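Remarks on the structure that follows.
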Protein chains: 2
Amino acid sequence: MARSGPKLTRIARTLGVSAATVSNALSGKGRVSAELAEKIRVTAAELGYVPSLAGRALRTGRTAVLGLVLPDIANPLFPQIAQAIELAASSAGYGVLIADSRGDVATQTKAIERLIDRDVDGMVIVPRRGTRIADVGCPVAVIDTPSTPGNTVAADHWGGGRQIAEHLKALGHRRVLVIGNNPASNVQNDRIGGIRSTFGDGAFVEILWIESLEREEGKGCPLGLAAKVAEGFTAFACVSDLHALRALTELQRAGINVPEKASVTGFDDLIWSPVVTPALTTARMDMTRIAAIAVEALVKAIGERDPADAGIGAPVTAENAEVPMQLVVRQSSAAPPATQFQPAQTIANAGAAASARNTAPEGEHQP
Amino acid sequence: MARSGPKLTRIARTLGVSAATVSNALSGKGRVSAELAEKIRVTAAELGYVPSLAGRALRTGRTAVLGLVLPDIANPLFPQIAQAIELAASSAGYGVLIADSRGDVATQTKAIERLIDRDVDGMVIVPRRGTRIADVGCPVAVIDTPSTPGNTVAADHWGGGRQIAEHLKALGHRRVLVIGNNPASNVQNDRIGGIRSTFGDGAFVEILWIESLEREEGKGCPLGLAAKVAEGFTAFACVSDLHALRALTELQRAGINVPEKASVTGFDDLIWSPVVTPALTTARMDMTRIAAIAVEALVKAIGERDPADAGIGAPVTAENAEVPMQLVVRQSSAAPPATQFQPAQTIANAGAAASARNTAPEGEHQP
DNA sequence: TATCGATGATTAAACGATTAATCATGCGAT
DNA sequence: ATCGCATGATTAATCGTTTAATCATCGATA
């Protein structure tokens with residue numbers, strides 16, 4: 001839409017100078033005397049001049065637009081991510097174009113193509129389940145997990161798992177059921193890895209994959225957690241608040257009080273986590289920071305890139321690829337009920353009890 | 001990013017014709033012989049020609065980009081909405097630029113300005129709590145509620161409330177607590193209106209506003225639903241699945257089984273609704289349809305608009321401003337427990353029992 | 001046969017910004 | 001006095017597309 005606003009030449013005419021000078025003054029590129037430059041800036045401001053992105057794009061080959069690709073847009077994390085990326089991008093002068101792929105790989109490819117056709121300067125991709133990103137022909141920032149090759153920046157999911165585990169361990173849990181959705185997800189695997197490695201040999205950790213369960217029992221089937229409690233599990237560490245919610249309601253429904261009889265933890269601090277009863281203990285990503293790093297890396301790559309080439313679009317890299325997660329302790333986790341097997345056995349391997357003391361009380365930031 | 005792809009002139013040269021002819025052939029506007037046009041289309045296709053949006057935008061004043069403004073981006077409905085709008089827009093040849101306002105009105109204005117500065121051809125706005133949209137200078141589609149002035153298209157929230165109420169009424173509920181968040185929200189008021197009006201005088205309906213409760217008791221405070229059950233309420237109709245979730249977990253935690261001792265219903269069919277225990281009975285919007293109508297109206301307005309004028313941007317209007325909601329019955333609603341006051345009294349005003357038979361069993365589409 | 005009209009294609013001028021190349025000017029140094 | 005150079009500003013080309021105006025050609029009509 002052609003705005004009404006004044007054009008470059010209008011400012012030029014107003015001041016009796018050439019359009020080129022105005023452009024130079026505003027961009028600080030050419031040679032313009034300080035006073036004139038100032039005068040130009042002032043009149044540009046009071047005339048409410050806004051450059052035409054289209055004109056600039058045509059000339060420079062830069063659209064100042066980034067694409068945001070979220071293969072799994074139904075993901076409840078979407079709001080957080082979109083918000084963070086939009087903030088980072090807009091404060092760097094970029095717009096954000098969304099691309100949806102409805103979870104489907106073919107659709108995703110199409111969506112990415114549409115972004116390319118729209119001449120985005122770069123894209124931020126949050127891949128689903130470790131999908132490899134084909135070369136797209138423009139700078140790409142990948143937000144997945146630090147352990148994924150080609151990852152630009154991500155939360156330290158492993159560390160998040162560690163924090164959750166240390167918290168549960170410190171509370172005294174020794175039989176833990178980890179609930180994940182899909183073993184193909186790098187994010188989930190890292191979180192689980194962090195949990196398992198922290199518990200080590202002094203505890204019993206089992207994994208339940210929801211997707212394989214549902215393949216047999218149907219979508220939304222019960223997870224059978226009451227039985228697990230009967231087996232002696234005292235804590236359910238879920239790789240997402242969505243699963244934590246599912247676990248929590250199923251346990252409650254079965255008359256198993258959380259956290260008295262069993263603890264439940266999640267990941268991501270999704271919208272409902274603070275308001276359910278009991279509020280969920282979870283680990284939160286610093287999305288703002290992640291987005292800032294991703295966008296910064298992207299912008300840098302765009303700046304260094306020759307606008308003419310349609311060169312290879314290898315994922316860009318950033319300094320700090322690993323952003324710590326933050327443990328948020330709420331009411332869904334507590335000490336296990338007085339139980340069958342106690343210290344003696346476990347105290348052996350538990351220097352962890354001390355280190356676990358570091359575990360954040362409500363809202364501490366990790367270094 | 002300047003793509004590598006061929007330009008118009010390249011195709012022209014390849015065929016020994018002028019660029020204008022190619023443009024005409026591809027757009028079907030000028031006068032080009034059928035054969036030549038076909039030949040041009042073919043070579044354009046095999047050369048993989050993609051027009052430069054920047055060039056076109058500069059010349060036509062149309063960017064083929066729509067802005068999506070969601071004042072409350074944290075809204076868990078966001079994924080649904082964004083997905084639907086993106087789909088509708090992209091199949092109409094438009095890109096979608098997101099604008100975030102972090103719930104803040106000032107920020108929202110800035111975000112809208114940024115969209116304007118980027119020359120969006122139009123915008124879709126989902127206002128929060130009946131915020132009036134100031135004139136933004138480009139066509140605008142407003143998705144709020146049918147009862148809001150200036151609304152372009154929306155779900156029939158009132159009708160959704162009616163369906164929920166008919167469902168509960170048919171089950172035998174006569175004391176219902178409606179749980180809302182904020183009385184300033186048109187959407188919530190319509191939903192509540194539909195519920196109240198359907199129950200009529202034969203039942204007792206009370207409203208609980210979460211926000212005012214939290215203002216006194218603090219964020220995330222208990223809603224005191226156990227007490228309400230003690231007072232004889234048998235159903236809790238929430239205006240959002242988020243609140244339904246809160247109610248459900250609070251009731252469960254208090255040892256009140258859902259749906260045996262109390263029913264809980266929500267709105268919007270959010271991501272967790274099918275997987276919590278018991279799964280939530282809710283009313284779903286047909287976002288795909290709503291988005292399609294909004295975008296269609298927008299595109300029409302854009303087409304009729306003189307690209308030169310920066311005219312007033314009154315909200316566009318659509319034929320079918322009211323899209324029916326769909327009742328989704330799951331496990332969180334059932335007949336109230338055998339109770340103190342029974343038929344005799346209620347049977348008098350209940351032609352509703354019959355009409356309620358229409359209430360959809362699991363997943364029926366409304367006409 | 002001269003003319004009119006319809007048809008098919010070309011020319012050229014935009015759109016609004018950027019930028020390399022050019023020009024003018026004044027000053028210091030030779 | 002002149003050359004050279006640094007400085008400050010202008011000229012003009014360019015990005016890729018659209019579109020109004022123009023031109024050429026041919027058939028038909030008067």
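All values reported here derive from a predicted model rather than from experimental measurement. Convention: sequence-line order gives letters A, B, ...; per-chain numbering from 1.
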Item to check | Per-nucleotide pairing state of DNA chain C [Watson-Crick or G-U, under 3.5 Å; [ ] pseudoknot-crossing; | other strand] | outcome: ||||||||||||||||||||||||||||||
Checklist entry - Given atom NZ of A/Lys29 and atom P of D/dT7, what is their separation to the nearest angstrom? => result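 Rounding to the nearest Å, NZ of A/Lys29 and P of D/dT7 are 20 Å apart.
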Look for any protein N or O under 3.5 Å of an N or O in nucleotides 12-14 of chain D and output each such pair with its distance, or none.
| from | atom 1 | to | atom 2 | distance (Å) |
| --- | --- | --- | --- | --- |
| D/dT14 | O2 | A/Arg59 | NH1 | 3.0 |

Kindly say if [X] contacts the phosphate of [N], meaning a side-chain N or O under 4.0 Å from OP1 or OP2.
{"X": "B/Thr60", "N": "D/dT18", "value": "no"}
{"X": "A/Ser23", "N": "C/dA17", "value": "no"}
{"X": "B/Tyr49", "N": "D/dT17", "value": "yes"}
{"X": "A/Ser52", "N": "C/dG16", "value": "no"}
{"X": "A/Ser18", "N": "D/dA9", "value": "no"}

Measure from the side-chain N and O atoms of [X] to the backbone N and O of [Y], and report whether any donor-acceptor pair falls under 3.5 Å.
{"X": "B/Thr9", "Y": "B/Ala12", "answer": "no"}
{"X": "B/Thr152", "Y": "B/Val316", "answer": "yes"}
{"X": "B/Asp121", "Y": "B/Arg62", "answer": "no"}

Checklist entry - Looking at A/Leu115, A/Val124, A/Val126, which one forms a side-chain contact (heavy atoms from CB on, under 4.5 Å) with A/Val69? => result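 So, applying the side-chain contact (heavy atoms from CB on, under 4.5 Å) to A/Val69 and each of A/Leu115, A/Val124, A/Val126, only A/Leu115 qualifies.
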Next on the checklist: Checking side-chain polar atoms at under 3.5 Å, does B/Asn186 have a donor or acceptor matched by the opposite partner on B/Thr148?
Outcome noted: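 Yes, side-chain donor-acceptor contact under 3.5 Å.
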Next on the checklist: Need one value for B/Ser33: base, sugar-phosphate or nothing, where a base atom within 4.0 Å counts as base even if backbone is also close, heavy atoms only.
Outcome noted: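 Sugar-phosphate, no base atom in range.
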Checklist entry - Does A/Leu36 reach the side chain of A/Val17, with side-chain heavy atoms less than 4.5 Å apart? => result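 Yes, side chains in contact.
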Item to check | Basic-acidic side-chain contact under 4.0 Å: A/Arg41, A/Glu38 | outcome: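 Yes, A/Arg41 and A/Glu38 are salt-bridged.
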Checklist entry - Which residue, B/Ser27 or B/Gly55, contacts DNA chain D at a nucleotide closer to its 5' end, judged by nearest heavy atom? => result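 By nearest-heavy-atom nucleotide position, the 5'-most residue is B/Gly55.
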Checklist entry - Which residue lies toward the 5' end of DNA chain D, B/Leu58 or B/Asn24, if each is placed at its nearest nucleotide? => result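 So the residue in question is B/Leu58.
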Checklist entry - Considering only side-chain heavy atoms of B/Lys7, which listed nucleotide, C/dA17, D/dT10, D/dT17, is closest? => result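 That would be D/dT17.
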Checklist outcome for this item: Each nucleotide of nucleotides 21-28 of chain D classed B (base within 4.0 Å of a protein heavy atom), S (only sugar-phosphate) or -, in 5' to 3' order, makes --------
Item to check | Residues B/Glu113, B/Arg118; criterion salt bridge (charged side-chain N to carboxylate O under 4.0 Å, His left out); working and verdict | outcome: CA-CA 8 Å; B/Glu113 251 166 40; B/Arg118 282 188 174 279; over 6 Å; no
